[in-house]
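Just below is one structure, and these are the notes that go with it.
Any value given below was found using the heavy atoms of this structure, including those in side chains, with hydrogens, waters and symmetry copies removed. All residue numbers refer to positions in the sequence shown, counting from 1. As the structure lists them, so they are numbered: ligands from 1, and atoms in each ligand from 1.
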Amino acid sequence: MAELHFFTGTMDSGKSTLALQTNHNHAARGRVGRIFTTHDRAGAAVLSSRLGLTHDALEVDADFDFWKYVVDTLTRGGRIDYLICDEAQFYAPEQIDQLAKVVDELQIDVFAFGILTDFRTALFPGSARLVELADRMNVLQVEALCWCGKRATHNARTENGAMVVEGEVIVVGDVDQADEPPADVAYEVLCRQHHRRRLTAARAKAVSLAPEPLPFG
Ligand SMILES: Nc1ncnc2c1ncn2[C@@H]1O[C@H](COP(=O)(O)OP(=O)(O)O)[C@@H](O)[C@H]1O
Ligand SMILES: Cc1cn([C@H]2C[C@H](O)[C@@H](COP(=O)(O)O)O2)c(=O)[nH]c1=O
């Protein structure tokens, strides 16, 4: 039986790597797939992993219809056994419904990969729909870590080094590995407590280096 799989984790937890590995393993056994993504950091129509692997992909825009694409392909005599769908948090809920229909009506496996929540800790609509519809939801086993060493559960956005909680939901960017000077817009994975306190690695370091107040009344 075909299934709708949703693999999730924070940014930098290995989702795109797993997407490419999943494609590799299925293709190596002679199965025929299609790879989709949207707003990848490496540009349009490419799925990229921080480990350096990339693969051509079909770019999903707001008007893309998965059901129509698959039915058209099969009608023209094409073969599709599975779909790989990266950055699925950016897909519209209707597109996730189309993916579920592809699984149920055409017996084609769908492997979707994406982050659950945005920089404000709110669910992305596409991810919310995946949680509602997926046959299997898997949290990535390689844990991304907060600067404090705890498992990172949230994605923070920084602007010029300072954490923000307001702004456009979709802003393509990368995790800021303590870049100096900090990028205009970057991301950092944090545990819930430090996301709640808006305590990024840079701010924690600045606070710890601040001089002790003098002991005068
Ligand atoms: N230089 C490196 N050596 C080993 N592993 C790395 C290196 N750089 C990145 N990684 C691994 O790649 C992961 C990020 O992979 P990626 O698939 O791009 O993540 P995601 O799609 O979830 O954002 C990191 O969590 C880390 O495990
Ligand atoms: C939290 C958050 C992230 N994004 C963007 C930033 C990246 O381009 C992708 C996530 O990619 P990854 O492969 O999981 O690292 O999403 C965004 O647009 N809005 C957000 O709130």
Is it the case that ligand 2 has an N or O less than 3.5 angstrom from some N or O of [X]?
X      : answer
Asp118 : no
Val171 : yes
Phe124 : no
Asn155 : no
Phe119 : yes

Quiz prompt | Closest non-hydrogen atom pair between Asp40 and Asp86, with its separation | solution = OD2-OD2, 4.5 Å

Practice problem: Grab the two heavy atoms, one from Trp67 and one from Gln98, that are nearest each other, plus how far apart they are. | Solution: N-CB, 3.9 Å

Quiz item: For the rings on Phe66 and Phe36, is their centre-to-centre separation under 6.0 Å?
Solution: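 Centroid separation for Phe66 and Phe36: below 6.0 Å.
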
Practice problem: May I ask you to check whether Phe64 and Tyr69 place their ring centers less than 6.0 Å from one another? | Solution: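 Between Tyr69 and Phe64, which both carry aromatic rings, the centre distance is below 6.0 Å.
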
Quiz item: Does Arg129 come within less than 4.0 Å of Asp97, counting only side-chain N to carboxylate O?
Solution: yes

Quiz prompt | Charged N-O contact under 4.0 Å between Asp118 and Arg157 | solution = no

Which heavy atom of the protein is the closest neighbour of [atom], given with residue, atom name and distance?
atom                    : value
atom 10 (C) of ligand 2 : Glu87 OE1, 3.6 Å
atom 4 (N) of ligand 2  : Tyr187 OH, 3.4 Å
atom 14 (O) of ligand 2 : Lys15 NZ, 2.9 Å
atom 16 (O) of ligand 2 : Phe90 CZ, 3.2 Å
atom 8 (O) of ligand 2  : Gly173 N, 3.1 Å

Sub-3.5 Å donor-acceptor pair from the side chain of [X] to the main-chain atoms of [Y], do we have one?
X      : Y      : answer
Thr200 : Arg203 : yes
Asp81  : Val32  : yes
Thr8   : Gly114 : yes

Proximal ligand 2 atoms for [X], defined as those under 4.0 Å from one of its heavy atoms:
X      : value
Arg157 : 19 (N), 20 (C), 21 (O)
Arg41  : 11 (O), 12 (P), 13 (O), 15 (O)
Ile115 : 1 (C), 2 (C), 3 (C), 14 (O)
Gln89  : 9 (C), 10 (C), 16 (O)
Val169 : 17 (C), 18 (O), 19 (N), 20 (C), 21 (O)

Just wondering, more than 12 heavy atoms not from [X] lying within 6.0 Å of its [atom1]?
X     : atom1 : value
Arg31 : CZ    : yes
Arg50 : CZ    : yes
Asp61 : CG    : yes

Is [X] touching ligand 2 with its side chain, its backbone, both, or neither, if touching means heavy atoms under 4.0 Å apart?
X      : value
Arg50  : side chain
Val172 : both
Arg120 : neither

Quiz item: Can you get from Val70 to Leu99 by hopping between Ile, Leu, Val, Met, Phe, Trp and Tyr side chains that sit under 4.5 Å apart?
Solution: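 Same hydrophobic cluster.
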
Quiz item: Mind checking whether Val60 and Leu133 sit in one hydrophobic cluster, side chains of I, L, V, M, F, W, Y counted as touching below 4.5 Å?
Solution: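 Linked within one cluster.
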
Quiz item: Can you pull the residues with any heavy atom under 4.0 Å from ligand 1?
Solution: Thr10, Met11, Asp12, Ser13, Gly14, Lys15, Ser16, Thr17, Ser49, Arg50, Leu51

Quiz item: Given a cutoff of under 4.5 Å between side-chain heavy atoms of I, L, V, M, F, W and Y, with clusters grown through shared members, what are the other residues clustered with Ile35?
Solution: Phe7, Leu18, Leu20, Leu47, Leu53, Tyr82, Ile84, Phe111, Phe113, Leu140

